[in-house]
2 protein chains.
Amino acid sequence: MAKGEQTRSRLLDAFEELVIEHGERAGTLAATAEHAGVSKGGLLYHFGSKDALVQGLAERLEVFGEAEQRRLSSRPDALEVFLRESVAADRPFDRTYLALLKLGQLDEHQAARDALVLLDDYFLAALTDALGDADLAFLALRVSDGIYVRTALGGSDAVPADAVDRILALLTSLPR
Amino acid sequence: MAKGEQTRSRLLDAFEELVIEHGERAGTLAATAEHAGVSKGGLLYHFGSKDALVQGLAERLEVFGEAEQRRLSSRPDALEVFLRESVAADRPFDRTYLALLKLGQLDEHQAARDALVLLDDYFLAALTDALGDADLAFLALRVSDGIYVRTALGGSDAVPADAVDRILALLTSLPR
DNA sequence: GGCTGTTAACCGTCCAGACGGTATAGTTTT
DNA sequence: AAAACTATACCGTCTGGACGGTTAACAGCC
């Protein structure tokens, strides 16, 4: 990876982390730059504005999202994989998703909302394909969002580790 | 209601509306005061700080929450009522919930998160009681959160009107 | 019924600091 | 040497909050 590309990526990582760990307000230009080990001027060279930073995350999400879609749509155990990963929330994809979920709450940052809506369409298609049931797919997406939100809100025990087991037991007992 | 109490309530209404419609950043002291038809000084008389404003909403939620819990816990159709109202999101309770859900995303405003966690406990107890199934109750709460989030994100068609019908059809077909 | 003092409710102004963004000069890479 | 990148200094705006008034209702007292 070219050096510039690497710095861009580091900046996005830093922005993500600040937003996730300390909320949108902590994701200032100065803080993001410092967290990435770059000066503020350096940040603004790569991302000409705060909005460009958000846009950068949105593009990241889309790249991740396409890969996720491909990966899930062919698996018979897509539901389980999908929900378990929602609870874990430890992959790069999850971090981008969580950050954009927070950013999208603000009036500015339409880009974040657009990216999230687009991703939802991707996932709905993938899960519908894998599960053969659009309603169940929709339900899974809403549960996943709900889990993400509680994770973002509460501390560690916001979503009990075994909760996903019990939810899966419930959902897989559904008539198909 | 005493005049002071009325003004307090108007201020909370204004704060809620600004946060819900235009995001946390729009809920500034000046904007909230103006929206409520009060001067900034007047606002600060009733709520000594921005945090006190959030705390005011948190207390509102708790009052609402207790009433909701009582109302739901005895109904056999609690699941349907609960989910339908989550989608509609048009009662005063829903507005307070949505506002705190946005505020809770920010590092400051621990009060918002505390109130939301407490409410979750209330509802989990009420739904478990009404449904006789803690797992199904938990699932319903997560779905509800997911629906709230999508409502907050997307415009009008974020959550299709008939989605709740289909989800309910799915969930009520579960073995009990 | 007037006079006085008290208090709740409210207003408008001011300020320090934080923030997003610009300008520009300097450095490294190719 | 050009291009890519980085750092520093600075600017205008906005925000939360502090603060010193003002108004009106009310209570006690003579």
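Chain naming here is simple, since letters A, B, ... match the order of the sequence lines and numbering starts at 1 in each.
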Cut-off 3.5 Å, no hydrogens considered: what does the side-chain donor-acceptor table look like for residues 160-168 of chain A, sequence neighbours left out?
residue	atom	partner	partner atom	Å
Asp165(A)	OD1	Arg84(A)	NH1	2.9
Asp165(A)	OD1	Arg84(A)	NH2	2.9
Arg166(A)	NH1	Asp135(B)	OD1	2.4

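A straight line from CD of Glu5(B) to P of dA8(C) spans 14 Å, rounded to a whole angstrom. Note: CZ (Arg25(B)) to P (dC14(D)) measures 13 Å, nearest angstrom. Distance, Arg8(A) CZ to dT6(D) P: 12 Å, rounded to whole Å. Residue Leu43(A) contributes atom CG, which lies 13 Å from atom P of dT22(C) at whole-angstrom precision. For the pair Leu53(A) CG and dG21(C) P, the interatomic distance rounds to 10 Å; values are reported in whole Å. Summarising the geometry, the separation between CG on Leu29(B) and C1' on dC10(C) is reported as 16 Å, rounded to the nearest angstrom. Nucleotide dT6(D) holds its C1' atom 15 Å from the CD atom of Gln6(A), rounded to whole Å. At whole-Å resolution of the value, CZ in Phe47(B) and P in dA18(D) are 16 Å apart.
When the nucleotides dG21(C), dC5(D), dC11(C) are ranked by their closest atom to the side chain of Leu44(A), dG21(C) comes out on top. Distances were taken from every side-chain heavy atom of Ser39(B) (C-beta onward) to each of dC10(C), dA7(D), dG16(D); the shortest belongs to dC10(C). For Lys50(B), the listed nucleotide lying nearest its side chain is dG16(D); candidates were dA9(C), dT8(D), dG16(D). Listed nucleotides dG17(D), dA7(D), dA9(C) differ in distance to His46(B); the shortest reach to its side chain belongs to dA9(C).
Contact annotation: Tyr45(A) reaches the phosphate of dC5(D) (side-chain N/O to OP1 or OP2, under 4.0 Å). OP1 or OP2 of dC10(C) lies within a sub-4.0 Å distance of a side-chain N or O belonging to Thr7(B).
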Between the protein and nucleotides 15-18 of chain C, which nitrogen or oxygen pairs come in under 3.5 angstrom?
none

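Note: Phe123(A) and Phe82(A) have perpendicular aromatic rings, judged against thresholds of 30 and 60 degrees for the angle between ring planes.
In this structure, Leu141(B) and Asp145(B) have side chains that are not in contact, with every pair of non-hydrogen atoms separated by 4.5 Å or more. Contact check for Val38(A) versus His46(A): no side-chain heavy atoms found under the 4.5 Å cut-off.
Side-chain atoms of Arg142(B) do not come within 3.5 Å of backbone N or O of Ile147(A) as any donor-acceptor pair.
Heavy-atom contacts from other residues, nucleotides or ligands closer than 6.0 Å to CD of Glu85(A) number more than 12.
Counting all heavy atoms, side chain and backbone alike, Leu124(A) lies closest to Ala134(A) at CD1-O, 4.2 Å.
Place Gly41(B) and Arg10(A) on DNA chain D by their nearest nucleotides, and Arg10(A) ends up nearer the 5' end.
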